[in-house]
Amino acid sequence: MHRVGSAGNTAGSTRPRKEKRFTYVLNDADDKKHCAGINCLAYLNGSTFSTSDYLFSGSRDGTLKRWELNNGDASFSATFESHVDWVNDAIIVGEKLVSCSSDTTIKVWNCFSDGACTRTLRQHSDYVICLAAAEMNSNIVASGGLGGEVFVWDLDAALAPVAKSVDAKEDEVPNGNSGPALSTLCSVNSSSNIASSNGQSHGYNPIAAKDHKDSVYALAMNDTGTLLLSGGTEKVVRVWDPRTGSKNMKLRGHTDNIRALLVDSTGRYCLSGSSDSMIRLWDLGQQRCVHSYAVHTDSVWALASTPSFGHVYSGGRDQSVYLTDLSTRESVLLCTNEYPILQLSLQDDTIWVATTDSSVYGWPAEGRTPQKVFQKGGSFLAGNLSFSRARASLEGSAPVPVYKEPSFVIPGVPAIIQHEIMNNRRHVLTKDTTGSVKLWEITRGAVIEDFGKVSFEDKKKELFEMVSIPAWFTMDARLGCLSVHLDTPQCFSAEIYAVDLNVAGAQEDLKINLAQETLRGLLVHWSKRKQKSSSHSLSNGDSSIGKDVPSKDSPRSRSEVDDVTENHATHVLPSFEFSTVSPPSIITEGSSGGPWRKRITDLDGTEGDLPWWCVDCVTHNRYPKENTKCGFYLHPAEGSPAPNITQGKLSAPRILRIHKVANYVVEKLVLDKPLDGGSDSAFVMGLSSAQSQLSALDSSSRLGLKSWQKTKPCIEILCNNQASSLNIAISLYS
């Protein structure tokens, strides 16, 4: 797993920001499918809780999805959305679904809910990579991550209501979940003694096993929860007592990172898979490796065993799934995939395969009677050394897969792998894993044109426009879809003429702030529900509701504030209307530093920790503005006989139309009127107030058409030595 900065996770970031960032994620039209690689799978047998079996998938798109398995078919059932970065692992604990993410959090969900998160647990300092649970003890869950930390959680205690206090309120997350109270930890030092360390809050304290020096990639726990195994970049398997956090033993033998672990129900035997391409069987009683299996030609990343622990299914970087008899060492290539295999989940006679692709694949596995697979032929004896399997492959004796096609496919949406922000700063060109090129309009989150499989570079050149708009947002496609980031005050630097957006009845000089209108479109549901809630509270006599109470992190030191008395928070221009069928999700940092994610249609108006500047912009039409005017020089083109009509610098709004410059030049040439104000003449064309009234600071630059302006000016304006159309708008920079 590569360390890549995420959309929502700002831990360790060196990017200088004083205010909270606001991010929105554009979802594909078919939001019932994943749009990035599948990192994890969890199978729930419905015989215990319901009439149907369910499969849960966690993706690099930051979401989990529930699939109902019925009569050989898998149908979409629900989306679980709250993580703001890759979902790395998920397990079933009773009726609870527990997931972990690169956003450093662990989240708890009800398996049969509509996708609402019931609790967020925060303790890890880095990406949380793996989880483990005790089959017979539905309260115990272990988590491990890149920070070298392993925590053991008692879910009943962690999910119990926390007594509220002034400080405790800061652990709440905006979607109604409150973080765990973590004042004092029971940690284990190198001498296996219990040590105490102070945390940042108070309440429930998970047990911490702190003997790992490097990243933890794999965990496993026996059924009763008396043994916990961990592995990672240290190349050893550590065995712990999860009840105390004390270390029992250390198993050496692998020569590279340990990526997968399994333990049998009794806690006697353990299987490990490593980046050294080996699978090892350990006898925990004897504290030694009893068998090594060389069946893969590359890293082993996933393991799944039959209930009897007699056979193991394995997959990894070589894109192959093998079935191995642990006692006879007989192995067979079950199937091959087009992508590296990240996790396996066995469901009776089907093995579900998660890969770096956005689809989930189900292959025949004969999990109840694996001997039937070996009867189909093609088996070989697993070697003891990793190079023996690689050498056999090079010699041309590679096995033939037993199954050629999967029996089930849960299709995903191709992930976006390349994007380019166009010059107009509203359109983004993207390319996905299938080579399909699309044009997005990010101010309303929609694909406006699908070009199919064409050259990305050629299409980018074709769509190039001679316009210049300030960079008001940043963007990435880490989640397999577009994530747009807004930071104040930079995001409010871009304006566009309303007529260019085809706004009906707009005056010629009316300008639209792109960030302001985009925020209105994103938060319109929040605004309406907040107003409705405030009105209801006021009707009940609560005068405190609805008043503007500034947040404690809401500094008011701004260079200029554009204040409009009328509140248009619930009025959205057509060019900024986002879909309610596949609405975007917003990501922002919570009050306790933890980010959260919600669809815009799920916002209920009670989210009190939206960035103050977003709320100010949407509800009060106020946003920070830098100097709205910019100085520039106007000279005759080189080789032109035209006289120099100005002696100094002119000033104008940052965005203005070329024809205004042309009109000014013609007026100076024809009428030769001197400008008041000396060398720094005022060239004021455009808006000077939020009421959209034309400025009357200089009569020589007013836009009323005169007799000589009724004919098209016979001049040409050059910007950067290129002729500019009279109808386009340009942006000026200091």
Side-chain angles (χ1 to χ4, degrees), residues 1-2 4 6-9 23 25-44 54-69 74-92 97-107 109 111 115 117 127-131 145 301-302 315 337-345 352-362 406 408-417 430 432-434 476-483 582-585 587 595-599:
M1 178 161 305
H2 300 289
V4 183
S6 70
N9 182 13
T23 297
V25 181
L26 302 183
N27 295 315
D28 192 272
D30 192 353
D31 59 358
K32 294 181 179 180
K33 300 177 181 178
H34 285 299
C35 63
I38 311 299
N39 278 344
C40 56
L41 298 168
Y43 169 68
L44 177 63
Y54 291 100
L55 182 70
F56 295 85
S57 55
S59 171
R60 295 179 177 182
D61 63 16
T63 70
L64 299 105
K65 295 188 185 295
R66 182 178 66 214
W67 311 93
E68 186 174 2
L69 308 177
S75 58
F76 171 80
S77 179
T79 294
F80 297 76
E81 182 174 17
S82 184
H83 285 298
V84 304
D85 206 341
W86 290 8
V87 177
N88 295 321
D89 201 3
I91 55 174
I92 304 295
L97 172 67
V98 183
S99 61
C100 66
S101 167
S102 296
D103 63 15
T104 74
T105 70
I106 300 164
K107 291 185 181 288
W109 325 71
C111 287
C117 178
Y127 295 4
V128 192
I129 300 299
C130 50
L131 298 169
W301 289 347
N337 293 262
E338 297 181 18
Y339 306 92
I341 295 163
L342 301 177
Q343 202 169 94
L344 300 170
S345 180
W352 292 99
V353 179
T355 72
T356 55
D357 182 36
S358 58
S359 300
V360 181
Y361 302 90
F408 302 98
V409 177
I410 303 175
V413 176
I416 294 174
I417 56 173
T430 64
D432 63 30
T433 52
T434 65
D476 68 60
R478 170 173 164 76
L479 301 179
C481 48
L482 295 178
S483 296
S582 54
S585 304
I587 293 175
W596 53 272
R597 172 173 172 171
K598 256 190 181 182
R599 298 213 168 190

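Please read all numbers here as calculations on a predicted model, not as lab measurements.
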Looking at [atom1] of [X] and [atom2] of [Y], how far apart are the two atoms once the value is rounded to the nearest 0.5 Å?
X: Leu131; Y: Ile91; atom1: CG; atom2: CD1; answer: 5.0 Å
X: Leu55; Y: Arg66; atom1: CG; atom2: CZ; answer: 12.0 Å
X: Arg478; Y: Asp476; atom1: CZ; atom2: CG; answer: 8.0 Å
X: Thr434; Y: Ile417; atom1: OG1; atom2: CD1; answer: 8.5 Å
X: Cys35; Y: Asn27; atom1: SG; atom2: CG; answer: 7.0 Å
X: Phe76; Y: Glu68; atom1: CZ; atom2: CD; answer: 12.0 Å

To check you understand the geometry: which heavy-atom pair defines the closest contact between [X] and [Y], and what is its length?
X: Tyr54; Y: Leu69; value: C-CD1, 4.3 Å
X: Asp61; Y: Arg597; value: O-NH1, 3.1 Å
X: Asn39; Y: Trp86; value: ND2-CE3, 3.9 Å
X: Lys32; Y: Lys65; value: O-CD, 3.6 Å
X: Ile410; Y: Trp352; value: CD1-CZ3, 4.0 Å
X: Val413; Y: Ser358; value: O-OG, 2.9 Å

Heavy atoms, side chains only, cut-off 4.5 Å: are [X] and [Y] in contact?
X: Val353; Y: Leu344; result: yes
X: Asp28; Y: Ser582; result: no
X: Thr63; Y: Asp31; result: no
X: Cys130; Y: Asp89; result: yes
X: Val98; Y: Ile106; result: yes
X: Leu342; Y: Thr356; result: yes
X: Trp109; Y: Ser82; result: yes
X: Phe80; Y: Val87; result: no

Point to revise | Test side chain to side chain contact (heavy atoms under 4.5 Å, CB included) applied to Asp85 and Leu479, step by step | key: CA-CA 7 Å; Asp85 206 341; Leu479 301 179; 4.2 Å; yes
Please check if the side chain of [X] supplies one atom and the backbone of [Y] the other of a donor-acceptor pair under 3.5 Å.
X: Ser101; Y: Asp103; result: yes
X: Gln343; Y: Leu41; result: yes
X: Ser359; Y: Gly412; result: yes
X: Ser59; Y: Ala36; result: yes

Practice item. Decide yes or no on side chain to side chain contact (heavy atoms under 4.5 Å, CB included) for Cys481 and Leu26, but give the supporting numbers first. Key: CA-CA 6 Å; Cys481 48; Leu26 302 183; 5.8 Å; no
Point to revise | Test side chain to side chain contact (heavy atoms under 4.5 Å, CB included) applied to Lys107 and Leu64, step by step | key: CA-CA 11 Å; Lys107 291 185 181 288; Leu64 299 105; over 6 Å; no
Exercise for review: May I have the step-by-step check of side chain to side chain contact (heavy atoms under 4.5 Å, CB included) for Tyr339 and Tyr361, ending in yes or no?
Suggested key: CA-CA 11 Å; Tyr339 306 92; Tyr361 302 90; 4.2 Å; yes
Practice item. Establish, from distance only, whether the side-chain atoms of Asp357 and Thr355 form a donor-acceptor pair under 3.5 Å. Key: no
